[in-house]
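Okay, so here's the structure we're looking at.
Only a predicted model underlies this, so the values are computations on that prediction, with no experimental measurement involved. We use all heavy atoms of the structure for the numbers below, so side chains are in, but hydrogens, waters and symmetry mates are not. Labels below follow one simple rule: chain letters A, B, ... track the order of the sequence lines, proteins then strands, and each chain is numbered from 1.
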There are 2 protein chains.
Amino acid sequence: MQTDQTLKLENQICFAIYACSRELTKLYRPLLQELGLTYTQYVTMLALWEQDQVTVSTLGAKLYLDSGTLTPLLKKLEAAGHITRTRDKNDERNVVIALTEQGRQLREQAVDIPEKLLCQLDASPEEGGFLLTQMQELMARVQQRTNSAANIKGDE
Amino acid sequence: MQTDQTLKLENQICFAIYACSRELTKLYRPLLQELGLTYTQYVTMLALWEQDQVTVSTLGAKLYLDSGTLTPLLKKLEAAGHITRTRDKNDERNVVIALTEQGRQLREQAVDIPEKLLCQLDASPEEGGFLLTQMQELMARVQQRTNSAANIKGDE
DNA sequence: TACTATTTAATTTAATGCAATTTAATTGAA
DNA sequence: TTCAATTAAATTGCATTAAATTAAATAGTA
């Protein structure tokens, strides 16, 4: 059923998420500037602080980013001295990303960023947790769709 | 309070929104390709279908985009024949964006896109409405912060 | 072994996004 | 009225993003 409301900008969940994502990133920017990181570099470091010694594609799967985005980004993190990029001796197609000591230490400077952000938003942990769950559920649904779309494409 | 969990990627609301936004955009892409629009061009057209004869800055305020993004995007929509860009005779600093007849007619091809998306996600209108409200509340909080940050900056 | 298919990164191309600067036009105050 | 301040777009530079192509390495098969 389509009404006049259907195409209203304010009724689009996707636009709300899209705009919110960009505005949230702006909120992080001044905090991340102190670490010399962009937002994408920050989430990449988050992933690596959980687990390093991973390939570009493993990292990409966690971050939903492909090598076209990650390769230049990882080269910058390497140039900044936070990580190393090494070809896997066993399979030289793989590039293994590892933290340097400097990259590991950067975590100490980042550890209070999430709290600062939540404070800025006056969000309680409960609200935050609830919204997080909702986003993850939506993400799961989107993933099902993009995966099945990819499979259809792959079957052709 | 910081725990080991604090910096976990899966606990970051911001990352959930950031990743979800990109994945949702991917879901729109094939539908929008039929109209020859990118996602950002699509939301710009949504805004213009609600109201045209607006300035670049008015449009930017609705979309949370600045002239650095909008100017080249609007030139492309103009080149595609969907809009016109005209200097305001009363105040030549302003560029007024208006739909062409072709741009107005494009709406008919777009009108079933939101429904297709919701179907793909198996989302009920209730779930959708609920999430939308939550995102808008978060957005309002973020806006408060970015505005006050801008004011602080402006006061210096 | 030789050849093909697959896999993984890297590269290329095009489109955002944002910050900072520049340009042009207008406004407002001395 | 003249000039400084403000405003609106455009421009510039840098950093993502995604899709498509390329290149290198490996795996699988005849």
In terms of side-chain heavy atoms of B/Thr40, which of C/dT16, C/dA9, D/dT26 is nearest?
C/dT16
Considering only side-chain heavy atoms of B/Asp91, which listed nucleotide, C/dA25, D/dA19, C/dT6, is closest?
C/dA25
Mind checking the CE-CD spacing from A/Met45 to A/Gln109? Nearest 0.5 Å is all I need.
10.5 Å
From C-beta outward on B/Lys75, which listed nucleotide comes closest to its side chain: D/dT6, C/dG17, D/dA10?
D/dA10
Does any N or O donor sit under 3.5 Å from an N or O acceptor when you compare the side chain of A/Ser67 with the base of C/dA10?
yes
Side chain of A/Ser57 (C-beta onward), nearest among C/dA25, D/dA18, C/dT8
C/dT8
Let's test your reading of the model: under 3.5 Å, does the base of D/dA9 pair with the side chain of B/Thr71 as donor and acceptor?
no
Please assess B/Glu78 against B/Arg85 for the test salt bridge (charged side-chain N to carboxylate O under 4.0 Å, His left out), listing each intermediate value before the final yes or no.
CA-CA 7 Å; B/Glu78 185 185 36; B/Arg85 299 165 60 247; 3.3 Å; yes
Between A/Lys89 and D/dT26, is there a contact of a side-chain N or O with OP1 or OP2 at under 4.0 Å?
no
Is any side-chain nitrogen or oxygen of B/Arg85 closer than 4.0 Å to OP1 or OP2 of D/dA9?
no
I'd like to know if A/Lys26 and A/Glu23 make a salt bridge, using a cut-off of under 4.0 Å between side-chain N and carboxylate O.
yes
Taken to the nearest whole Å, CD/B/Glu92 to C1'/D/dT7 is 15 Å
Within the 4.0 Å heavy-atom criterion, would you say B/Leu73 contacts the bases, only the backbone, or no part of the nucleic acid?
sugar-phosphate
Knowing that exactly one of B/Leu35, B/Leu46, B/Leu77 qualifies, which makes a side chain to side chain contact (heavy atoms under 4.5 Å, CB included) with B/Gln41?
B/Leu77
Residue whose nearest DNA chain C nucleotide is more 5′ - B/Gly68 or A/Val56
A/Val56
In whole angstroms, the gap separating P of D/dA20 from NZ of B/Lys26 amounts to 12 Å
Considering just the side-chain nitrogens and oxygens of B/Arg29, establish if one lies under 4.0 Å of OP1 or OP2 belonging to D/dA19.
yes
In this structure, how many angstroms lie between the P atom of C/dT16 and the CG atom of B/Leu59, rounded?
13 Å
Let me know the distance between CZ of B/Arg87 and P of D/dA8, rounded to the nearest Å.
12 Å
Of the candidates D/dT26, D/dA8, D/dT17, the side chain of B/Tyr18 sits closest to D/dT17
For B/Asn90, which contact category applies under a 4.0 Å heavy-atom criterion: base, sugar-phosphate, or nothing?
sugar-phosphate
Check: D/dT17 base within 3.5 Å donor-acceptor of B/Arg22 side chain
no
Path from B/Leu132 to B/Leu118 over hydrophobic side-chain contacts below 4.5 Å
no
Atom-to-atom span, CG of A/Leu70 to P of C/dT11 - whole angstrom
14 Å
Spacing between A/Leu63 atom CG and D/dT17 atom C1', to the nearest angstrom:
13 Å
Looking across every strand, which nucleic acid part, if any, lies under 4.0 Å from A/Thr69 by heavy atom: base, sugar-phosphate, or nothing?
base
Given atom CG of B/Leu27 and atom P of D/dA19, what is their separation to the nearest angstrom?
12 Å
I'd like to know if the side chain of B/Gln53 reaches the main chain of B/Val96, judged simply by a donor and an acceptor atom lying under 3.5 Å from each other, with no hydrogens or angles considered.
no
Counting side-chain heavy atoms from CB outward, which of C/dA25, D/dT17, C/dA10 is closest to A/Leu65?
D/dT17
Minimum-distance nucleotide (side-chain atoms of B/Asp66 versus D/dA8, C/dA19, C/dG17):
C/dA19
Just call it for A/Thr55: base, sugar-phosphate, or nothing, with non-hydrogen atoms closer than 4.0 Å on any strand.
sugar-phosphate
May I ask you to check whether B/Tyr18 and A/Tyr64 place their ring centers less than 6.0 Å from one another?
no
In whole angstrom, give the distance that lies between atom CD of B/Glu23 and atom P of D/dT16.
18 Å
Under 4.0 Å: is that the gap between some side-chain N or O of B/Asn94 and OP1 or OP2 of D/dA9?
yes
Testing C/dA15, D/dA15, D/dA19 for proximity to the side chain of A/Thr38, the answer is D/dA15
Under-4.0 Å side-chain N/O to phosphate OP1/OP2 contact, B/Gln41 with C/dT16:
yes
